Amino acid sequence: MKKVILFAFVILSSLSFNSCSDDDNAKENYAKINEESYSLKSGLYYSDTNNDGTYDSTIIIHSEGITYDEANDQFSGQGSIAAIEIEPHALEDFSGNYTHVDNNVKVVFYPLYDFVNTGNGRAPAPENYMLDTFSLSIDKNGETATINVSGESTDQDTNTALPFEMYYNGSLTLRLID
C-alpha cells in the first residue's frame, strides 16, 4: 500500500510541475535598446479621421510607472514609453506590417519619460531613440494587440547603430481625440 501511495504522490507532483511550464513560457512585454531591457505593461491608441477618409493613429505602450487618466486625457508618473505613429492609413484597423521605408510610420522609444518634470509632453522631451530602420508588425484584435518591432537607432554622440527590439502582447484601448 505504501508503494501505491508513494507512486500516486510522485505522479501528482510531476503533473503539478508540468502544469506550471506553460506559464513559464509566457513571453514578457519588453523593449530593448543596445542590450538594456525595459519592461512594458499597458497600451492605448488615438485615432483621428482625416477629411479624405484616411486615419492618423498614435500607439503608446508604457511601463508600470506610468498611468493614464482618461477623464483628463493625461499621463503621469515616470517610466518607459514606446510611441508608434501611423499617418495616414486607409483602414481604421491599422493591423499590418510596416518598415522604415513607409514614410508615414515612425517609432520612438523613451527609456525614462518623466511626466512629473516634463509635463505631459509640453516641455522638451527626455532622452529618446527614433528608429532609423525598423520592421514593425501589428496584429490588433478588438482591444488587444501583439506588436513586434526590430530595428536600429543611431547614437547621436558616437554615430553608431544601436539595436532595438520590442514585444508587446496585451490591451490596446482606444482613446478618442476631442
Side-chain angles (χ1 to χ4, degrees), residues 22-34 36-113 115 118 120-121 125-126 128-153 162-178:
D22 287 343
D23 295 337
D24 294 340
N25 292 333
K27 196 169 181 179
E28 293 286 326
N29 294 326
Y30 73 94
K32 184 174 167 183
I33 183 82
N34 202 29
E36 187 79 26
S37 289
Y38 302 86
S39 181
L40 299 173
K41 174 187 129 185
S42 188
L44 59 89
Y45 70 98
Y46 298 93
S47 278
D48 196 16
T49 306
N50 299 318
N51 290 335
D52 64 358
T54 61
Y55 299 88
D56 291 344
S57 296
T58 301
I59 303 166
I60 299 173
I61 309 296
H62 59 85
S63 66
E64 188 168 329
I66 295 176
T67 57
Y68 176 73
D69 176 1
E70 186 175 351
N72 294 311
D73 190 29
Q74 289 188 338
F75 288 94
S76 61
Q78 301 172 340
S80 303
I81 292 179
I84 302 167
E85 292 182 7
I86 307 169
E87 49 190 39
H89 52 95
L91 302 174
E92 191 171 5
D93 179 6
F94 45 78
S95 292
N97 297 310
Y98 306 91
T99 69
H100 60 280
V101 177
D102 299 316
N103 292 331
N104 60 334
V105 180
K106 295 178 184 123
V107 179
V108 182
F109 179 67
Y110 300 87
L112 179 59
Y113 201 101
F115 285 101
T118 306
N120 208 26
N128 65 81
Y129 300 93
M130 181 171 284
L131 299 190
D132 305 312
T133 61
F134 61 86
S135 174
L136 164 65
S137 170
I138 302 172
D139 182 16
K140 186 176 170 310
N141 186 3
E143 289 199 355
T144 62
T146 301
I147 301 173
N148 285 289
V149 182
S150 63
E152 292 182 342
S153 177
L162 302 174
F164 177 82
E165 62 183 65
M166 183 183 98
Y167 173 81
Y168 178 76
N169 183 17
S171 68
L172 190 65
T173 53
L174 172 65
R175 299 299 178 228
L176 298 175
I177 296 176
D178 292 333

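Each residue takes its place number in the sequence, starting with 1. For clarity, every value in this text was computed on a predicted model and none was experimentally measured.
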Report task. Find the distance between CG (Leu174) and OG (Ser47) and round it off to the nearest 0.5 Å. Result -> 6.0 Å
Query raised in the report: So do Thr99 and Leu136 actually touch side chain to side chain, heavy atoms under 4.5 Å?
Result: no
**Report entry** Glu152 and Asp132, any side-chain heavy atoms less than 4.5 Å apart
**Finding:** no
Query raised in the report: How long is the gap from OG1 on Thr58 to CD on Glu85, to the nearest 0.5 Å?
Result: 4.5 Å
Requested in this report: Without swapping roles, check the side chain of Ser153 against the backbone of Met130 for a donor-acceptor pair under 3.5 Å.
Outcome: yes
Report task. Show the numbers, then the answer: is there a side-chain contact (heavy atoms from CB on, under 4.5 Å) between Tyr46 and Ile60? Result -> CA-CA 9 Å; Tyr46 298 93; Ile60 299 173; 4.0 Å; yes
Query raised in the report: Which word best sums up how the rings of Tyr110 and Tyr113 line up, parallel for under 30°, tilted for 30 to 60°, or perpendicular for over 60°?
Result: perpendicular
Query - Student check: side-chain heavy atoms of Thr133 and Leu131 closer than 4.5 Å - result: no
Query raised in the report: Where do Val149 and Glu165 land on the side-chain contact (heavy atoms from CB on, under 4.5 Å) test, with the steps shown first?
Result: CA-CA 5 Å; Val149 182; Glu165 62 183 65; over 6 Å; no
Query - Beyond-backbone contact of Ser63 with Ser39, side-chain heavy atoms, under 4.5 angstrom - result: no
Query raised in the report: So Ile147 and Met166, side-chain contact (heavy atoms from CB on, under 4.5 Å) or not? Walk me through it.
Result: CA-CA 8 Å; Ile147 301 173; Met166 183 183 98; 3.7 Å; yes
Query raised in the report: Which heavy atom of Asn104 sits nearest a heavy atom of Pro88, and at what distance?
Result: ND2-O, 2.9 Å
Query - Pairing residues for Glu36 by the salt bridge (charged side-chain N to carboxylate O under 4.0 Å, His left out) criterion, not counting sequence neighbours - result: none
Requested in this report: Of all the heavy-atom pairs spanning Lys41 and Glu64, show the shortest one and how long it is.
Outcome: CD-CA, 3.7 Å
Requested in this report: Evaluate the side-chain hydrogen bond (donor to acceptor under 3.5 Å, both in side chains) criterion for residues Thr67 and Ser76: first the C-alpha distance (whole Å), next the side-chain angles of each, then the deciding distance (0.1 Å), finally the verdict.
Outcome: CA-CA 5 Å; Thr67 57; Ser76 61; 2.8 Å; yes
Query raised in the report: Should Leu40 and Tyr30 count as side-chain neighbours, where that means a heavy-atom distance under 4.5 Å?
Result: no
Report task. Any chance you could measure Lys140, atom NZ, to Tyr45, atom OH, to the nearest 0.5 Å? Result -> 3.5 Å
Query raised in the report: Hey, are the side chains of Ser42 and His62 touching, using non-hydrogen atoms and a 4.5 Å cut-off?
Result: yes
Report task. Mind running side-chain contact (heavy atoms from CB on, under 4.5 Å) on Phe94 and Ile138 for me, showing each step along the way? Result -> CA-CA 7 Å; Phe94 45 78; Ile138 302 172; 4.0 Å; yes
Query raised in the report: Rounded to the nearest 0.5 Å, how far does CG of Asp52 lie from OG1 of Thr54?
Result: 3.5 Å
Report task. List the steps, then state whether side-chain hydrogen bond (donor to acceptor under 3.5 Å, both in side chains) holds for Asn169 with Asn29. Result -> CA-CA 6 Å; Asn169 183 17; Asn29 294 326; over 6 Å; no
Requested in this report: Using a 4.5 Å cut-off on heavy atoms from C-beta on, say whether the side chain of Ile33 contacts that of Phe109.
Outcome: yes
Report summary line: Separation between NZ (Lys32) and CG (Leu162), nearest 0.5 Å, reads 13.0 Å
Report summary line: Applying ring-ring contact (aromatic ring centres under 6.0 Å, His included) to Tyr167 and not counting sequence neighbours gives none
**Report entry** Test of ring centre spacing under 6.0 Å for Tyr129 and Phe164
**Finding:** no
Requested in this report: Would you please indicate yes or no on a ring centroid separation below 6.0 angstrom for Tyr98 and Phe134?
Outcome: no
Report task. Answer yes or no: is there a side-chain heavy-atom contact under 4.5 Å between Leu172 and Ile59? Result -> yes
Query raised in the report: Between the side chain of Ser95 and the main-chain N/O of Asp139, is any donor-acceptor distance below 3.5 Å?
Result: no
Query raised in the report: For the residue pair Tyr68 and Phe75, does the interplanar ring angle fall in the parallel (under 30°), tilted (30 to 60°) or perpendicular (over 60°) class?
Result: tilted
Query raised in the report: Atom NZ in Lys106, atom NE2 in His100: separation rounded to 0.5 Å?
Result: 15.0 Å
